[in-house]
Number of protein chains: 2
Amino acid sequence: MPADHIDQGTLTQSVGYCCLQAYLEIVPNIKKQLGKLQLRPVEYTVLSLINSNPNINQKRLGQTIRVSPPNMATLLDKIQADGLIERRRNPNDRRSQILALTPKGHQLYLKAEAVATRADITPTLTDDERQQLLSLLTKIFQN
Amino acid sequence: MPADHIDQGTLTQSVGYCCLQAYLEIVPNIKKQLGKLQLRPVEYTVLSLINSNPNINQKRLGQTIRVSPPNMATLLDKIQADGLIERRRNPNDRRSQILALTPKGHQLYLKAEAVATRADITPTLTDDERQQLLSLLTKIFQN
DNA sequence: TATTGTTATACTCTATAACTATA
DNA sequence: TATAGTTATAGAGTATAACAATA
């Protein structure tokens, strides 16, 4: 029996709604694939941002991915306990923590990047459409 | 002090990551504005889909917005207790519940639609870019 | 036996308050 | 006084298992 058509009405004019629905379509596969490396998406994101931004501190990292300081602290506790990152006090301002990947963390990140890239699929879009989409989305959240 | 540039590296090539970041940029305002009508975004979404799809049942509604049957049941319990929807058994198949807006629910929906539309803003996009974005996102999740 | 929906509950994620240490 | 980070905890959101009613 063919699924009847659902009319999403004005919701398809909402960027918020459409972003969420597209995200929910894509993310289960990413979760599943990263799960094989014992990583949640947010943990992979953190590894990636630390890798691309040496000496980033917790505040800027949390602001970038919209994780509050308390939740960032516990998230990083876990990643550190797994031996993936190290935290050291900034010598110029000992309040802040400077983050870096350990060799183990860097190795896992490289594997995870390959996995996540393969898992982030949009089969209904052409390559051009996908690039166009990424460009438009980026305009929304990059400051 | 200007915020230093953060390099999001290959993450900006991930549709999943970019959809989530764009969603997180947009949704707080929607939440805030709908909150004035005592509605959460998911509740507004439910009212909208029931409005656009008379006689939809809980299963199809839940599949559309990716809410599991147990969570759909409690979500609809709440909306029904607020007097916004009515549930009646399908006479042709008494297992399923047919959903409809009450007059009160329809009235609130109309207000909420106006509010949500105004709140869903993307100031960094032109009108053309926004329409292009909506079209691309829709291709991902519409089956 | 299969399907729709419900109840109960566990789990995860996110938000808030109070705190330490450093500046 | 202000800022970076932490601890503890509450609240919201999501997932799972067992069940009732109907087909």
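Chain A is the first sequence line, chain B the second, and so forth, proteins listed ahead of strands; every chain is numbered from 1.
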*Is any side-chain heavy atom of K139(A) closer than 4.5 Å to a side-chain heavy atom of T122(B)?*
no
*Want to settle it: does P70(B) or N71(A) sit nearer the 5' end of DNA chain C, counting the closest nucleotide to each?*
P70(B)
*Position toward the 5' end of DNA chain D (nearest nucleotide), S96(A) or S68(B)*: S96(A)
_E113(B) vs T117(B), test: side-chain contact (heavy atoms from CB on, under 4.5 Å). Steps then yes/no._
CA-CA 6 Å; E113(B) 191 193 47; T117(B) 299; 4.1 Å; yes
*Just checking, any donor-acceptor pair under 3.5 angstrom between side chains of Q80(A) and R87(A)?*
yes
*Report the distance from atom CG of L99(A) to atom P of dA4(D), rounded to the nearest whole Å.*
14 Å
*Is it the case that Q142(B) and Q8(A) place a side-chain donor and acceptor less than 3.5 Å from each other?*
yes
*Write down the distance between CZ (R88(B)) and P (dT4(C)), rounded to a whole number of angstrom.*
18 Å
*Can you check the M72(B) CE to dT7(C) P distance for me, whole Å?*
15 Å
*Nucleotide nearest R87(A) when distance is taken to its side chain, options dA15(D), dT7(C), dT6(D)*: dT6(D)
*Selection from dT16(D), dG5(C), dA4(D) that lies nearest to any side-chain heavy atom of K59(A)*: dA4(D)
*Within residues 27-43 of chain A, residues whose heavy atoms come under 4.0 Å of DNA chain C*: R40(A)
*Euclidean distance, atom CG of residue D77(A) to atom C1' of dC13(C) [Å, nearest integer]*: 16 Å
Taking only N/O atoms, report every protein-nucleotides 19-23 of chain D pair under 3.5 Å with atom names and distance.
unit_1	atom_1	unit_2	atom_2	d
dA23(D)	OP1	R94(B)	N	2.9

